[in-house]
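First the structure, in the form of structure tokens, and then the observations on it.
Note that ligands are numbered from 1 as they come in the structure, with each ligand's atoms numbered from 1 the same way.
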Amino acid sequence: MATYNIGYFVGSLSSTSINRTLSRALIKLAPDTLSFNEIPIKDLPLYSQDYDESYPAEGTALKQSIEASDGLLIISPEYNRSIPGALKNAIDWASRPWGTNSFARKPTGLIGASPGAIGTAVMQSNMRSVLSFLDAPQLNSPEAYLSFNPETFSDDGTINDDSTREFLQHYMDEYVAFVQRVLDANAAGHIGDPNSPAK
Ligand code: FNR
């Protein structure tokens with residue numbers, strides 16, 4: 001069976017991030033055929049087009065990590081009903097210089113947790129626009145908006161509630177099948193222009 005390298009982003013820089021806990025829970029639920037590597041975002045400078053002539057090492061390393069991944073998984077909080085700035089900055093770095101968009105054709109899953117009732121739904125809606133523009137095929141279903149209850153998750157990612165575990169297992173099973181489908185389609189040459197986005 002094929003093994004896949006999944007690059008994942010945690011959209012929070014917080015040392016007590018509930019989304020990092022969620023990332024640990026998801027990794028525990030994944031099959032042995034997936035290996036996970038976190039793609040760090042916290043040391044990136046703020047992106048400017050001035051860097052395009054000569055990308056700094058942090059930007060190049062980010063792009064290489066994405067391009068070396070078979071699939072991507074974004075686990076992120078919602079900040080002010082949108083994408084946290086640190087994560088959006090990383091996405092902007094990866095999308096440039098023009099013509100080298102690292103997200104193109106990468107099968108991408110999106111999930112997030114917040115203490116509130118809507119569980120990052122608005123951030124995810126915003127993120128879907130961004131990923132569409134970047135030509136990143138997205139897992140559309142199931143959607144996963146988690147209202148985080150600290151009693152449900154241990155810090156190491158152990159899930160202490162059967163229905164949450166079943167829901168996240170279903171998410172992971174569908175994610176794995178989706179990555180396989182997109183990679184098969186990519187191999188057959190069915191998916192769009194790797195040089196998007198437009199200038
Ligand atoms: C938040 N939080 C938040 N929650 C939410 O559901 N919708 C929102 O729009 C926001 N906005 C927001 C902005 C900023 C600047 C902060 C710091 C927080 C609360 C947020 O969900 C909570 O702090 C989570 O714990 C953040 O996730 P991590 O960092 O723990 O993974």
So does R181 pair up with E174, basic N to acidic O under 4.0 Å?
-> no

In terms of its nearest heavy atom to atom 22 (C) of ligand 1, the top option of S114, P115, G119 is P115

Looking at atom 30 (O) of ligand 1, what's its closest protein heavy atom, distance included?
-> I18 N, 2.9 Å

For the side chain to side chain contact (heavy atoms under 4.5 Å, CB included) test, which of L72, L131, D135 pairs with K106?
-> L72

With only distance considered, is Y79 within less than 3.5 Å of ligand 1 through an N or O on each side?
-> no

Flag yes if Y79 and L44 sit in one hydrophobic cluster, no otherwise; membership is Ile, Leu, Val, Met, Phe, Trp, Tyr, and two members link when side-chain heavy atoms are under 4.5 Å apart.
-> no

Atom 9 (O) of ligand 1: the protein heavy-atom neighbour that sits closest, reported with distance to 0.1 Å | R81 N, 2.7 Å

Could you tell me whether some N/O pair between S12 and ligand 1 is separated by less than 3.5 angstrom?
-> yes

What class does the angle between the rings of F36 and Y8 fall in, given that below 30° is parallel, 30 to 60° is tilted and above 60° is perpendicular?
-> perpendicular

S14, portion touching ligand 1 at heavy-atom distance under 4.0 Å = side chain

Do D161 and R165 sit within salt-bridge range, that is, some charged N less than 4.0 Å from a carboxylate O?
-> no

Heavy atom of protein inside 4.0 Å of atom 19 (C) of ligand 1, strictly below | no

Closest approach of L139 to F178 (non-hydrogen atoms, all atoms of both residues) | N-CZ, 3.2 Å

Taking Q169 as the fixed residue, which of T164, I159, L29, L26 is the one that meets the side chain to side chain contact (heavy atoms under 4.5 Å, CB included) rule?
-> L29

Could you tell me whether atom 6 (O) of ligand 1 has a protein heavy atom closer than 4.0 Å?
-> yes

Find all atoms of ligand 1 within a distance of less than 4.0 Å from any non-hydrogen atom belonging to P77, and give their numbers and elements.
-> 26 (C), 27 (O)

Which residue and non-hydrogen atom of the protein lie closest to atom 3 (C) of ligand 1, and at what distance in Å?
-> E78 O, 3.2 Å

Nearest to atom 31 (O) of ligand 1, what protein heavy atom do you find, and at what distance?
-> S17 OG, 2.6 Å

Can you list the atoms of ligand 1 that are under 4.0 Å from a heavy atom of N19?
-> 27 (O), 28 (P), 31 (O)

Determine whether the side chains of E67 and S102 contain a donor N or O and an acceptor N or O closer than 3.5 Å.
-> yes

Tell me: protein heavy atom nearest atom 11 (N) of ligand 1, and distance?
-> N80 N, 2.8 Å

Checking side chain to side chain contact (heavy atoms under 4.5 Å, CB included) for the pair I75/R20: CA distance, chi angles, key distance, verdict?
-> CA-CA 8 Å; I75 306 129; R20 181 165 298 286; over 6 Å; no

